[in-house]
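For reference, the structure is listed below as structure tokens.
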Protein chains: 2
Amino acid sequence: MAKDSDLLLLENQICFPLYAASRMIIQAYREPLEELGITYPQYLVMMILWEKDGLAVNEIGKKLFLDSGTLTPLLKRLESHNLIKRVRSEEDERKVEIQLTFQGKSMKSKAEKIPSKIMECLNSWDQKSLVNFKSEVNKLVETLNQP
Amino acid sequence: MAKDSDLLLLENQICFPLYAASRMIIQAYREPLEELGITYPQYLVMMILWEKDGLAVNEIGKKLFLDSGTLTPLLKRLESHNLIKRVRSEEDERKVEIQLTFQGKSMKSKAEKIPSKIMECLNSWDQKSLVNFKSEVNKLVETLNQP
DNA sequence: TTTTTTTAAATTGTAAACAATTAAATTTAA
DNA sequence: TTAAATTTAATTGTTTACAATTTAAAAAAA
């Protein structure tokens, strides 16, 4: 029977390795993203826009689980790098639509080389257990997303 | 055969769910930790000290994969809350030893109730797959920690 | 021993995260 | 239709992260 105090050991935590792994893998993105001049959270936004351009801030936020307090300054930074435009919607003036600029669209082809670079860090993992692991993490996100 | 552009879809990323899960589970800690008046990274430091008091800043940093740029201000906050003392080492004056105060030690008993509260968020997971998942995440940390 | 290198914290500056609040537009309800 | 509630971004303030640099002390090399 585990004691309460055992559960307080770092090694027994589930959250800590998750927190560490998240930071480490974001770290792995740093070098390849530096060539594009963007950060990992900015890259996430760009990926969303490459998939579907013109989304509103809150729509991006829903996908990334981020609020305007985080996104507004981040989007302003992307705008100052001329990768996106922030356009007040005409149908609903509360909304701000995020549109890729030509430069923002062009960046996609460079970005396509990044995922395989990240995979290199994980080449000690076989494909199967990686796919399984990904689905487990996704399951965890689902679990934590419905309270 | 997957195209490069497919790999740029958010849903195909391994890092994103990891990043999201990490933030969500830290979020789950927020409420219980609020009762103790500390944040999740501060809680990690306290856990380390409850296990072994008097560690130097860099020793804490090695365990958490954090540098002095992050830890110094965090530790100053813990000190201002009277949970720790920062003491310049006498044997090696470069080092600062972090010692729990009486209040810091006392907090442990309250903190012992936290892990089970977090587990409640995960009660849809059976014990076995949770243990397995934890070891997978740990394996990932190991992988990413040796380049 | 003197010089060089390494190590440990702290500092500076930038970019997230996120709570809480605000302001404006839109919806819903009265 | 008017008033109340909701939605959307933005803003303010605090705390992490982390790169890069600085300062001082200790260890290693000359």
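Lettering follows sequence order; numbering is per chain, from 1.
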Contact nearer the 5' end of DNA chain C, comparing A/Ile26 with B/Arg86: B/Arg86
Toward the 5' end of DNA chain C, by each residue's nearest nucleotide, A/Glu90 or B/Lys95: B/Lys95
Rounded to whole angstrom units, what separation is found between the [atom1] atom of [X] and the [atom2] atom of [N]?
{"X": "B/Leu74", "N": "D/dA17", "atom1": "CG", "atom2": "C1'", "result": "11 Å"}
{"X": "A/Leu75", "N": "D/dT8", "atom1": "CG", "atom2": "P", "result": "16 Å"}
{"X": "A/Gln27", "N": "D/dA17", "atom1": "CD", "atom2": "P", "result": "13 Å"}
{"X": "B/Lys76", "N": "D/dT15", "atom1": "NZ", "atom2": "P", "result": "14 Å"}
{"X": "A/Arg94", "N": "D/dT8", "atom1": "CZ", "atom2": "C1'", "result": "6 Å"}
{"X": "A/Glu59", "N": "D/dT8", "atom1": "CD", "atom2": "P", "result": "9 Å"}
{"X": "B/Leu33", "N": "D/dT16", "atom1": "CG", "atom2": "P", "result": "11 Å"}
{"X": "B/Tyr43", "N": "D/dT16", "atom1": "OH", "atom2": "P", "result": "15 Å"}

From B/Glu79 atom CD to B/Gln99 atom CD, the distance as rounded to the nearest 0.5 Å: 10.5 Å
Do A/Thr72 side-chain and D/dA9 base share a donor-acceptor contact under 3.5 Å? no
Side chains of [X] and [Y], heavy atoms from C-beta outward: is any pair under 4.5 Å?
{"X": "A/Val96", "Y": "A/Ile98", "answer": "yes"}
{"X": "A/Thr72", "Y": "A/Arg86", "answer": "yes"}
{"X": "B/Glu97", "Y": "B/Val57", "answer": "no"}
{"X": "B/Leu100", "Y": "B/Leu83", "answer": "no"}

Can you figure out which of [options] approaches the side chain of [X] most closely?
{"X": "B/Thr70", "options": "D/dA10, D/dA19, D/dA17", "result": "D/dA17"}
{"X": "B/Leu66", "options": "D/dA17, D/dT15, D/dT8", "result": "D/dA17"}
{"X": "A/Arg30", "options": "D/dA19, D/dT15, D/dT8", "result": "D/dA19"}

Walk along DNA chain C from 5' to 3' and tell me the first and last nucleotide with an atom closer than 4.0 Å to a non-hydrogen atom of chain A. C/dA15 to C/dT26
Check every strand shown and say whether B/Glu91 touches a base, only sugar-phosphate, or nothing at a heavy-atom separation below 4.0 Å. sugar-phosphate
Contact class for A/Thr39 (heavy atom, under 4.0 Å): base, sugar-phosphate, or nothing? sugar-phosphate
Considering heavy-atom distances to DNA chain D, does A/Arg23 or A/Asp67 have its closest nucleotide positioned more toward the 5' end? A/Asp67
Comparing nearest nucleotides in DNA chain D, the 5'-proximal residue of the pair A/Lys62, B/Gly69 is A/Lys62
Strictly by modelled atom types, are A/Ser129 and A/Asp126 linked by a side-chain donor-acceptor pair under 3.5 Å? yes
Angle class for the B/Tyr19/A/Tyr40 ring planes (parallel below 30°, perpendicular above 60°, tilted otherwise)? perpendicular
Determine which nucleotide pairs with C/dA30, using a 3.5 Å limit on both distances of a Watson-Crick or G-U wobble pair. D/dT1
Does a side-chain N-to-carboxylate-O contact under 4.0 Å join A/Glu136 and A/Lys139? yes
Side-chain N or O of A/Arg88 closer than 4.0 Å to phosphate OP1/OP2 of D/dA9: no
